[in-house]
Amino acid sequence: MAPGVSSCQYREVPLSISFSGSGFLATYQLGVAQCLLNYAPRILHTAPFVVGASAGSLVAAAVVCEMSLINIRDEMLNFAKQMKSFPLGPFNPSINVFHWLKNVLHKHLPSEAHQMASRRLAVAVTRLSDGKTSVISEFHSKEDVVQALLCSCFVPGYCGMLPPSFKGEHYMDGGFSSMQPVLPPLCSHTLTVSPFSGETDICPPDTPCMWDVVVSGTTFKGNMANSKRVINALYPLALETLEQAYHSGYKDAINFLLSNVLLGNQMMYLSMFGLPARILSNLLLPLMLAFFAVLKSSHRQAPDLVYWIWRVFRHYNFFLFNIIVCSLKKNIKDRVMPITLLLQWLKLQQEYEVPQRQRHSTPHHKLSSSAHSEDAWHGSLHRRFVTPSSNKNYREPLT
C-alpha cells in the first residue's frame, strides 16, 4: 500500500501508477496491468499519471496509449526466444536490443499516441550530463513518445554505446537514478508495481529476510529469489520464467484488489469483528471474478443492467456477510462464552479455597502435636508407676 494511504482511499482517491525498472521481467507488470484492466479498469482510466522507468516505461506507455498488453508480452517472449538461439544472448553482436525495441514501439504505438500520452504518461530518464532524474511528460508527436521511451530503456553496453537524445539532451536508463519513479506531489497517492519483492504495493510476496537492498531510492529484499530475478531481467534463462512472471503478476494483482479494492466496505465491516478477512476474500474470489466478468461484458451493451447487477450483488454481499457475522456472534455467545465463564469461576474458586485451607490447617496441626505430647507423657507415667501385679520384672522389696 502506498505510504499514508488507507485501503478505503484506494476506492475513493484516483491514484497514479508507477512501474519500476524491470528488464524482461516487465512481463510481470504486464500481468498486473492486464488484471487491473479486466477487473478494475477504473484504476487505470482515472490515474492522473502513469509513471515508468526503463522497461516499466514501456508498460506505462502501453497502459496510457491503450496498446494490447498481450501483444507486447508476446513480442517480449518472441525476442527472448531469438536471443536464446545466439551465444551470449543479448550481448551477442548479432542481437540489437535497441533496434528491436524501436521496431516494437513503431509497430504498436497508435498514431495519436502523443495526444494520449501528453501530461499523463511520465517517462523517467537519467540525464547523462549530471546523472540526475528527469521526467518527460510533454509530447508533440508519436516520434517524441518513441524517443522518450528509448532514452528511458538505454543501458550502456547492453543496448549499445551511443546514447539516444530527446530535445537535444542525451539520456540513459531511468533506473539508474530512480528505480521506482514517483512524482513528488503525488508520493502518497501512487500505486507502485515491481517484479522484485520489496516495499511496493504490488510485488512478489517473498518471505521476510534479514537484508534489504536499496537501488536508486527503492528498497528491495536482499534474498536469493530477487537475485535470480535480476539475472532473468537482463538475460532470461528460460521462456517459462517470463511466462510465469506474467501469471504471477496477474495473481498478485488479484490479491491486491481483494485486499484493498474489490471487497470494499464489506471487508472493512468484517474487520470490525476481528474476522479473518483475507480467508473470506479468497472464498469469495469466484463470485467477485464472475461479477466483474459480467460487468465487463455488460458495460458495452446495457449500462442500466450493470448498475442494477451491482446493486443486487452489493446487497447480496451484505446479506451473506450478515449471515456469517451474526452466526459467529450467536455461537460465541451461546457456546463459547458459558464455557469461558465456567473456567473463570473455577479458577477464582480455586484461588479462594487455597488461603482458607491454609488458615484451617495451622490450628489442627498444633492440636495434633499437643495431643501427641500428652499421650507420650501419660505413657511415661504409666511405665514408671505401673502396678506390681502387672510387671513381671517387679520384685517386692525386703523388709
Side-chain angles (χ1 to χ4, degrees), residues 14-24 26-80 96-125 134-154 159 164-167 171 173-174 181 183 190-191 193 242 246 249-250 253 296-297 299-301:
L15 299 177
S16 296
I17 306 175
S18 171
F19 296 100
S20 71
S22 52
F24 281 94
T27 54
Y28 177 93
Q29 296 170 320
L30 289 171
V32 172
Q34 187 64 53
C35 177
L36 296 179
L37 185 62
N38 289 344
Y39 302 121
R42 180 177 175 274
I43 294 180
L44 298 181
H45 295 158
T46 62
F49 290 96
V50 183
V51 194
S54 189
S57 66
L58 303 180
V59 182
V63 170
V64 172
C65 299
E66 300 180 1
M67 300 159 60
S68 173
L69 302 175
I70 303 298
N71 289 342
I72 302 300
R73 180 203 64 181
D74 293 341
E75 291 280 4
M76 298 186 70
L77 293 176
N78 291 334
F79 186 67
N96 192 329
V97 178
F98 214 55
H99 180 71
W100 164 79
L101 180 57
K102 190 173 183 177
N103 289 339
V104 169
L105 292 175
H106 279 293
K107 177 181 178 181
H108 293 283
L109 277 174
S111 56
E112 66 279 8
H114 58 289
Q115 299 174 358
M116 304 170 72
S118 286
R119 297 186 179 180
R120 187 159 184 259
L121 172 64
V123 180
V125 294
S134 181
V135 177
I136 302 175
S137 59
E138 290 285 347
F139 310 98
H140 300 93
S141 65
K142 175 181 175 179
E143 189 61 31
D144 282 353
V145 180
V146 172
Q147 202 63 23
L149 295 175
L150 292 176
C151 290
S152 184
C153 295
F154 181 79
C159 297
S165 62
F166 183 85
K167 305 297 184 183
Y171 299 97
D173 194 290
L183 300 181
T190 300
L191 175 64
V193 183
L242 302 184
Y246 175 85
Y250 199 98
K296 180 183 177 183
S297 60
H299 182 70
R300 302 191 186 101
Q301 300 175 4

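Since the structure is predicted, the reported quantities are computational estimates derived from the model, not experimental observations.
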Which pair of heavy atoms, one from [X] and one from [Y], lies closest together, and at what distance?
X	Y	answer
V97	C159	CG1-SG, 4.2 Å
L149	S57	CD2-O, 3.5 Å
T46	P14	O-CB, 3.6 Å
M76	A26	CE-CB, 3.9 Å
P110	C65	CG-O, 3.6 Å
F98	P164	CZ-CG, 3.7 Å

Worksheet entry | Parallel, tilted or perpendicular, as decided by the 30° and 60° cut-offs, for the rings of F24 and F79 | parallel
Worksheet item: K167 and H140: side-chain contact (heavy atoms from CB on, under 4.5 Å), yes or no, with the steps?
Response: CA-CA 11 Å; K167 305 297 184 183; H140 300 93; 4.0 Å; yes
Any donor and acceptor pair, going by atom type alone, linking the side chain of [X] with main-chain N or O of [Y] inside 3.5 Å?
X	Y	result
T27	L242	yes
S18	P181	yes
S137	R119	no
K142	L109	yes
Q29	V193	yes
S118	E138	no

Can you tell me how far the [atom1] atom of [X] sits from the [atom2] atom of [Y], to the nearest 0.5 Å?
X	Y	atom1	atom2	value
L69	C35	CG	SG	11.5 Å
Y171	Q147	OH	CD	11.0 Å
H108	L58	NE2	CG	11.5 Å
N103	W100	CG	CH2	10.0 Å
Y246	D74	OH	CG	9.0 Å
S141	Q115	OG	CD	11.0 Å

Worksheet item: Side chains of F19 and Y28: closer than 4.5 Å at any heavy-atom pair?
Response: no
Practice prompt. Inspect the surroundings of NE2 in H106 and state if more than 12 heavy atoms from other residues, nucleotides or ligands are less than 6.0 Å away.
Written response: yes
Worksheet item: Would you say E66 has more than 12 foreign heavy atoms packed within less than 6.0 Å of its CD?
Response: no
Item to complete: Apply the test side-chain contact (heavy atoms from CB on, under 4.5 Å) to residues V135 and L183: give CA-CA distance (whole Å), side-chain angles for both, the deciding distance (0.1 Å), then the verdict.
Response: CA-CA 9 Å; V135 177; L183 300 181; 4.1 Å; yes
Worksheet item: So, E75 versus N71: side-chain donor-acceptor pair below 3.5 Å or not?
Response: no
Practice prompt. Carefully, step by step, assess D144 and F166 under the rule side-chain contact (heavy atoms from CB on, under 4.5 Å).
Written response: CA-CA 8 Å; D144 282 353; F166 183 85; 4.0 Å; yes
Worksheet item: Only one of I17, L37, L15 clears side-chain contact (heavy atoms from CB on, under 4.5 Å) with I43; which?
Response: I17
